[in-house]
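Reviewing the structure listed below.
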Amino acid sequence: MLISQAWAQGAGTPGGGMESMLLIVLMFVVLYFLMIRPQMKRAKEHKTMIEALQKGDEVITGGGMLGRISKINENYATLEIADNVEVQVQRAAVQLVLPKGTIKNIQ
C-alpha cells in the first residue's frame with residue numbers, strides 16, 4: 001500500500017500537565033534573564049546618565065548630532081554644534097556622553 005497505517009498514541013501520563021507547566025515557567029525564567037533584565041539595566045544606566053548631564057559636557061544625540069551642552073534645564077539641553085549655532089534637544093535624546101576634549105574645535 002502507498003499509505004501507511006496510522007496508529008493512535010497511548011494515553012498520556014498523569015503528570016504530563018505538570019511537566020508542561022514547569023516547561024513554560026522555565027522558558028519565562030530564561031526569557032527574563034536573557035532579555036528583560038538586561039534591558040531594564042540599560043534603561044537605568046541611561047536615566048542615571050541623563051540626570052548627571054551638566055553644562056560643558058560633550059555629547060552625541062540619538063540622531064547622531066555631536067555638540068557641547070551650553071545650557072541645560074529640567075527637560076531640554078541646548079547644544080552648541082558650531083560657532084554661534086545652537087540647537088535645543090530633549091535631555092532623553094542624548095545617547096552618549098563623550099570624554100572631555102573629544103570635540104577639539106567647534107566650527
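Just so it is clear, the model here is predicted, and its values are computed rather than measured. Only this structure's heavy atoms are used, side chains among them; waters, hydrogens and symmetry mates stay out.
No side-chain heavy atom of Val59 sits less than 4.5 Å from a side-chain heavy atom of Leu96.
Of all the heavy atoms in Arg91 and Glu74, the pair that sits closest is CD-O, 3.3 Å. Between His46 and Val94, the shortest heavy-atom contact is NE2-O, 2.9 Å. Nearest heavy atoms, Thr61 versus Gln95: C-CG, 3.8 Å. Shortest non-hydrogen contact noted between Tyr76 and Gln88 is CB-NE2, 3.5 Å.
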Can you give me every donor-acceptor pair (side chain of residues 25-39, partner residue at least two apart or in another chain, under 3.5 Å) with its distance?
unit_1 : atom_1 : unit_2 : atom_2 : d
Gln39  : OE1    : Arg42  : NH2    : 3.0

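Separating the CD1 atom in Ile103 from the CD1 atom in Ile60 is a distance of 8.0 Å, to the nearest 0.5 Å.
The side-chain contact (heavy atoms from CB on, under 4.5 Å) test applied to Glu86 returns Ser70, Lys71, Thr78, Glu80, not counting sequence neighbours.
Evaluation of the salt bridge (Lys or Arg N to Asp or Glu O under 4.0 Å) test over residues 43-67, restricted to residues two or more places apart or in two chains, returns Asp57-Lys100, Glu58-Arg68.
Cluster annotation: Ile50 is not connected to Met40 through the hydrophobic network of ILVMFWY side chains, with a link wherever side-chain heavy atoms come within less than 4.5 Å.
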